[in-house]
Novice: 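Once you've had a glance at the structure underneath, I'll fire off some questions.
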Amino acid sequence: MAQQIKIKPRLAKGFRDFLPSEMLKRQYVIDTIEGVFQLFGYEPLQTPVLELRDTLFGKYGEDAEQLIYSAQHGRSKSDEVAMRYDLTVPLSRVVAQYENDISFPFRRYQISPVWRGERPQRGRYREFFQCDADIVGVSGMEADAEIISVMNTVYQRLNLPQPIIKINNRKLLTGMGVFSDVIDSQLPDLYRSIDKFDKIGAEGVEKELIERGIPGYAVKRMMDLVQIRDEGNLNLNLLERQIGHIEVANEGIDELRSMAMYLDALGVPQSAYEFDFTMVRGLSYYTGPIFETIIQEPNLGSITGGGRYDNLIGLFRRESLPTVGTSLGIERIIDIMTELDLFPSHVADTVVDILVTVFDDETQIASSRLASQLRKANIRAELYMSDGKFKLGKQFAYADKKGIPLVATLGPDEVANGRVSIKRLSDAKEVDVLQADVVDAVVGLMQIEF
RNA sequence: GUGGGUGUAGCUCAAUGGCAGAGCACCUGAUUGUGGUUCAGGACGUUGUGGGUUCAAAUCCCAUCAUCCACCCCA
């Protein structure tokens, strides 16, 4: 037979496979987040990978739009489709489409992959999971505060080191622009530069603003405002003194004050968040409070993004609905947890509790029966399979390599006496018990294991 | 999209113009009823790909692809 040409196994740029031991970590993080979402009363929603092109375009701003994957079928002449870029716009579509079937306020969560055609980097991929929780239909700050509380609870349960939730308000940014006499067309440039504050510092931002043609006095006013930093609400007071007379800014300040009050009631300590007037966020649909979370060390970029977007749903129906939500990026969370080794010990490399070995052809049936007996007791048992090669050493090495904690052996001696031998690999403790008692023995050995 | 680094065994990397190597992983045995440790042996390569310079190229040059980093932007 002619030599087949082999296809080199590889993936498209920015896409990844997850092998079993990695999937178990991912599932741990996802399960934790999902548990918190449900704890706060959010309910699951699933939407398709593909959306109509028109659903996605015109929502994210020009820069972001260029990153949307189109997904056309070769012969399809009808609907133009694209891959979802986030979970927020699909939610808005769903709300507008099924308003009669939904009770408001609508709290939904969705944990799904999204796609962005960016250049991959550390902590950045073209396919990644977002975990979104949103409240549709509430304009009060109790909703925004709850979203922050959800985020905070997730960080606590995952034991993330010193997460800082940064909070700002689009209304404040607008007010600052007005106050500093920056014309509307220059506002995006202004925000973009301010957002880099952490990276390039005050001087850097100032320099960039001047280069973008914003007048010197406006830059100076802006820089003074943005750099206001004080404990808790105090920086709001300072800001109010300066730009409180501007209506939109005043609204923004009131909102943040109200939020702080609810956060306190929800048990989110002031140390968990800070009002940072240099935090911006690129997506254009935000209208009120905006949030972001960073981990200082290691810093892989923000692990959460979110905010209030009261006008987005209005693009899909006559009247909009006030909405606020957050999006947790598990890829970065997992990268951080991996780097700092934050996974609890029960997040193992395998789902298998015990490997049932097979001694030879004669005892194969007995081993199968034992595996079945264990499974009935809800013990995750793998029956060793090797196409007729029964070397026990091999089977133990296999269990060891996979990280399976227990190994059951039943050779001719055990079968003859109705017994089975269970060995715990971590400390080589081995017990010999009647087959009737095997479940108790396994449970006993597993409990000491942790 | 712009700028830079790196591509050598399954993995991590040596070899600076002169025989392509090591560690780990893998396979066999010491140990035909028990893994991790040890010992002995074994298998593993078109040096990313294509071209050029040279008596001679993993090494120098050009192109191309992949990958990583920074910018842009972002979870």
Side-chain angles (χ1 to χ4, degrees), chain A residues 8-16 29 33 60-68 84-88 111-132 151 154 188-189 191-193 195-196 199-200 204 208 279-284 291-295 299-307 325-336 355 357-360 362-363 384 389-416 420-430 432:
Chain A
K8 191 178 176 190
R10 61 187 200 92
L11 287 170
K13 191 202 292 275
F15 289 78
R16 299 166 299 160
V29 172
I33 292 172
Y60 301 107
E62 238 174 87
D63 288 342
E65 240 162 49
Q66 297 184 334
L67 304 176
I68 296 176
R84 65 174 167 235
Y85 178 88
D86 68 2
L87 303 176
T88 305
I111 298 173
S112 301
V114 301
W115 292 267
R116 297 181 186 178
E118 293 181 287
R119 195 113 164 200
Q121 259 178 59
R122 191 163 110 113
R124 177 179 306 181
Y125 311 94
R126 288 186 166 180
E127 177 183 61
F128 60 96
F129 269 67
Q130 288 194 325
C131 310
D132 277 35
M151 286 156 54
V154 168
D189 276 353
Y191 297 153
R192 213 166 295 160
S193 294
D195 197 28
K196 290 191 212 165
K199 265 186 197 160
I200 61 179
E208 221 179 278
M279 191 271 289
V280 176
R281 299 201 56 70
L283 295 179
S284 58
F291 343 115
E292 198 167 281
T293 308
I294 54 159
I295 302 285
N299 190 348
L300 298 181
S302 55
I303 57 170
T304 312
T326 186
S327 177
L328 290 123
I330 62 164
E331 324 296 333
R332 289 176 179 177
I333 290 175
I334 289 167
D335 286 352
I336 287 166
L355 180 74
T357 60
V358 179
F359 191 83
D360 59 20
E362 311 291 312
T363 65
Y384 190 79
K389 284 180 254 170
F390 299 114
K391 221 174 154 181
L392 269 186
K394 268 273 164 44
Q395 303 186 42
F396 273 80
Y398 172 80
D400 188 46
K401 188 182 172 195
K402 275 188 70 172
I404 299 171
L406 302 178
V407 176
T409 308
L410 65 176
D413 298 347
E414 285 88 351
V415 171
V420 57
S421 153
I422 313 287
K423 182 171 179 178
R424 181 165 63 202
L425 295 191
S426 60
D427 59 357
K429 181 180 169 64
E430 189 158 13
D432 189 274

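Just so we're on the same page: letters track the sequence lines, and every chain starts at 1. All values derive from a computational prediction rather than experimental measurement.
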Novice: Quick one: does Glu414(A) reach the base of G33(B) with a side-chain donor-acceptor pair under 3.5 Å?
Specialist: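 Side chain to base: pair found, below 3.5 Å.
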Novice: Considering every strand and a 4.0 Å limit on heavy-atom distances, what is the contact class for Lys196(A): base, sugar-phosphate, or nothing?
Specialist: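 Sugar-phosphate, backbone atoms only, no base.
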Novice: Please give the distance between the P atoms of G52(B) and A58(B) as a whole number of Å.
Specialist: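 My reading of the P atoms in G52(B) and A58(B) gives 15 Å.
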Novice: Pick out the pairs of N or O atoms, protein on one side and nucleotides 1-6 of chain B on the other, that lie under 3.5 Å.
Specialist:
unit_1, atom_1, unit_2, atom_2, d
U2(B), O4, Arg119(A), NH1, 3.1

Novice: Checking all strands, does Thr409(A) fall into the base, sugar-phosphate, or nothing category for heavy-atom contacts under 4.0 angstrom?
Specialist: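 Result for Thr409(A) = base.
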Novice: Across the strands shown, which category fits Glu118(A) at heavy-atom distances under 4.0 angstrom: base, sugar-phosphate, nothing?
Specialist: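 Base: the residue Glu118(A), judged by heavy atoms under 4.0 Å, touches a nucleobase.
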Novice: With a 4.0 Å cut-off on heavy atoms, is Thr357(A) in touch with a base, just the backbone sugar-phosphate, or nothing at all?
Specialist: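 Thr357(A): no heavy atom of the nucleic acid under 4.0 Å.
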Novice: Any donor-acceptor pair under 3.5 Å joining the side chain of Glu430(A) to the base of U34(B)?
Specialist: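 For Glu430(A), whose side chain was compared with the base of U34(B), there is a donor-acceptor pair (under 3.5 Å).
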Novice: Show me the dot-bracket string of RNA chain B, counting Watson-Crick or G-U pairs under 3.5 Å, with | for pairs to another strand and [ ] for crossing ones.
Specialist: (((((((..((((....[..)))).(((((.......))))).....(((((..]....))))))))))))....
Novice: For Glu65(A), give me all partners under salt bridge (Lys or Arg N to Asp or Glu O under 4.0 Å), at least two apart in sequence or on another chain.
Specialist: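 With sequence neighbours excluded, Glu65(A) shows a salt bridge (Lys or Arg N to Asp or Glu O under 4.0 Å) to no residue whatsoever.
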Novice: Using the aromatic ring of Tyr398(A) (for Trp, its six-membered ring), decide whether it stacks on the base of G35(B) within the limits of 5.5 Å and 30°.
Specialist: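 By the stated criterion, Tyr398(A) and G35(B) do not stack.
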Novice: Indicate, with a heavy-atom threshold strictly under 4.0 Å, whether Phe129(A) touches base, sugar-phosphate, or nothing.
Specialist: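 No contact.
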Novice: Mind checking Asp86(A) for me? I need base, sugar-phosphate or nothing, with any heavy atom below 4.0 Å counting as a touch.
Specialist: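 The answer is nothing, as Asp86(A) stays clear of every strand by at least 4.0 Å.
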Novice: Looking at Thr357(A) and Ala408(A), would you say the former's side chain and the latter's main chain have a donor-acceptor pair under 3.5 Å?
Specialist: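 Yes.
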Novice: Grab the N/O contacts between the protein and nucleotides 38-41 of chain B below 3.5 Å, and write none if there aren't any.
Specialist:
none

Novice: Partners of Tyr398(A) by ring-ring contact (aromatic ring centres under 6.0 Å, His included), sequence neighbours excluded?
Specialist: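 Testing Tyr398(A) for ring-ring contact (aromatic ring centres under 6.0 Å, His included), a comparison that skips the adjacent residues, returns Tyr384(A).
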Novice: Does Arg116(A) reach a base, just sugar-phosphate, or nothing at all? Heavy atoms under 4.0 Å.
Specialist: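 Arg116(A): base contact, heavy atoms under 4.0 Å.
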Novice: Quick one: list whatever passes salt bridge (Lys or Arg N to Asp or Glu O under 4.0 Å) with Asp413(A), sequence neighbours left out.
Specialist: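 Partners of Asp413(A) under the salt bridge (Lys or Arg N to Asp or Glu O under 4.0 Å) test: none.
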Novice: NA contact type, Ala397(A), heavy-atom cut-off 4.0 Å: base, sugar-phosphate, or nothing?
Specialist: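 Since only primed, P, OP1 and OP2 atoms lie under 4.0 Å of Ala397(A), the category is sugar-phosphate.
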Novice: Which part of the nucleic acid, if any, lies within reach of Phe359(A) when heavy atoms closer than 4.0 Å are counted: base, sugar-phosphate only, or nothing?
Specialist: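 Since a base atom lies under 4.0 Å of Phe359(A), the category is base.
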Novice: For a quick check of understanding: with a heavy-atom distance under 4.0 Å over all strands, which category does Ala64(A) fall into, base, sugar-phosphate or nothing?
Specialist: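 Touches nothing.
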Novice: Taking atom types as they are modelled, would you say the side chain of Lys401(A) forms a donor-acceptor pair with the base of G36(B) within the 3.5 Å cutoff?
Specialist: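 Check fails, no donor-acceptor contact within cut-off.
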